[in-house]
Amino acid sequence: MKKLMAANWKMFKTWDEASSTAQELVDLAAAKLPDDREVLVFPPFTALKAVADVFASKSGFSAGGQDYYIEEEGAFTGEIAPKMLLDVGGTYGLTGHSERRHVLGEDDEYIADKTSYGLANGLKVVFCIGEKIEERKGGRVEEVLERQMRIGLKDVPKDIAPENLSVAYEPVWAIGTGEVAGPEEIMEAHAFTRKILISIFGEKANEMRILYGGSVKPGNCNEIIALDNVDGVLVGGASLLSESFSQIVLA
Ligand code: PGA
């Protein structure tokens with residue numbers, strides 16, 4: 001199983017900025033990228049083609065859309081269909097990110113529709129889960145993660161190819177705050193995530209990647225990537241500069 005080193009650029013970077021950061025990343029990391037690593041960047045929609053073009057001939061580098069809608073086409077102003085992401089070279093989609101859940105109001109049911117729709121329409125999907133600080137303090141981490149997974153993945157076919165679905169555990173309190181979850185917290189949450197995935201998909205869930213996200217940076221990624229059940233990372237802030245993201249990718 002290749003470790004998936006993913007960058008979420010959120011609402012940052014113009015076309016030129018995205019194109020040059022992607023090129024720098026290739027220059028810094030492509031030659032040294034181990035065979036068991038895959039690099040994935042989620043640029044904003046407007047820069048997806050710029051990044052996908054830079055990555056086109058590079059093995060081990062992929063690009064994807066931060067979001068997409070659950071219809072093939074139609075009168076859905078502002079929305080983007082999976083086939084439009086594929087059309088410009090995006091091969092992945094992101095679902096369930098905490099900012100879509102908690103800032104933009106997406107609920108578990110909609111995230112479930114989006115996750116299964118993307119998979120059924122040719123995308124690989126990174127599906128995010130994670131508890132809020134009050135849920136952790138209230139001892140509800142497992143309850144929240146289990147609910148998010150059981151609802152969010154309920155329509156994903158059981159015969160899915162395991163490399164097409166990754167789960168990112170991103171505790172909401174660690175996203176963009178500089179506060180990273182400790183090794184014990186990460187290992188507990190990832191072991192629990194694996195257990196639930198196995199109960200849903202059977203043994204093949206051992207081949208699904210579970211990423212950690214939340215204030216990953218060059219200074220902490222070596223320790224995080226070495227933990228049990230950590231099959232990659234999803235990086236926001238520290239992925240915006242090619243120097244820091246290339247260090248993470250090669251950690
Ligand atoms: P962060 O964001 O690395 O800036 O904490 C992670 C994410 O939102 O995926």
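This chain uses plain numbering: 1 for the first residue, then up along the sequence. Every number for a ligand or one of its atoms is a count from 1 in the order of the listing.
Counting heavy atoms under 4.0 Å from ligand 1, residue Ile175 touches it through both backbone and side chain. Within the 4.0 Å heavy-atom criterion, the part of Ala174 lying near ligand 1 is the backbone and not the side chain.
With Arg136 as the fixed residue, the salt bridge (charged side-chain N to carboxylate O under 4.0 Å, His left out) test singles out one of Glu188, Glu185, Glu179: Glu185. Looking at Asp108, Ile196, Val167, Leu153 one by one, the single match for side chain to side chain contact (heavy atoms under 4.5 Å, CB included) with Gln148 turns out to be Asp108.
Less than 4.0 angstrom separates some heavy atom of Gly237 from each of these atoms of ligand 1: 1 (P), 3 (O), 4 (O). Near Asn8, meaning under 4.0 Å from any of its heavy atoms, are these atoms of ligand 1: 9 (O). Distances below 4.0 Å separate heavy atoms of His97 from the following atoms of ligand 1: 7 (C), 8 (O), 9 (O). Near Gly214, meaning under 4.0 Å from one of its heavy atoms, ligand 1 places the atoms 5 (O).
Looking at Glu143 and Arg140, a side-chain N of the basic residue comes within less than 4.0 Å of a carboxylate O on the acidic one, giving a salt bridge. A salt bridge links Lys154 to Glu109: at least one charged side-chain nitrogen sits closer than 4.0 Å to a carboxylate oxygen. Between Lys2 and Asp35, no side-chain nitrogen of the basic residue sits less than 4.0 Å from a carboxylate oxygen of the acidic one, so the salt-bridge criterion is not met. Taking the charged nitrogens against the carboxylate oxygens, Lys83 and Glu72 do have a contact shorter than 4.0 Å, which makes a salt bridge.
Distances from atom 3 (O) of ligand 1 to the heavy atoms of Cys128, Ala168, Ala6, Gly236 put Gly236 nearest.
The main-chain N or O of Lys217 is found under 3.5 Å from a side-chain atom of Asn220 such that the two form a donor-acceptor pair. Under the 3.5 Å distance criterion, the side-chain polar atoms of Lys49 are left unmatched by any main-chain donor or acceptor of Asp87.
Annotation: Thr177 places no N or O atom under 3.5 Å from an N or O atom of ligand 1; distance criterion only. Between Gly176 and ligand 1, an N or O atom pair is found at a separation short of 3.5 Å. Remark: ligand 1 and Ala238 share no N or O pair separated by less than 3.5 Å (distance only, no angle test).
Among protein heavy atoms, the minimum distance from atom 9 (O) of ligand 1 is reached at Glu170 OE2, 2.7 Å.
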Side-chain donor-acceptor pairs under 3.5 Å in residues 90-97, sequence neighbours left out?
residue : atom : partner : partner atom : Å
Tyr92   : OH   : Glu38   : OE2          : 2.8
Tyr92   : OH   : Arg209  : NH2          : 3.2
Thr95   : OG1  : Thr115  : OG1          : 3.0
His97   : ND1  : Glu99   : N            : 3.0
His97   : NE2  : Asn8    : ND2          : 3.4
His97   : NE2  : Glu170  : OE1          : 3.4

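A heavy-atom separation below 4.0 Å is not found between Lys217 and ligand 1. Proximity of Ser215 to ligand 1 is established by a heavy-atom distance of less than 4.0 Å.
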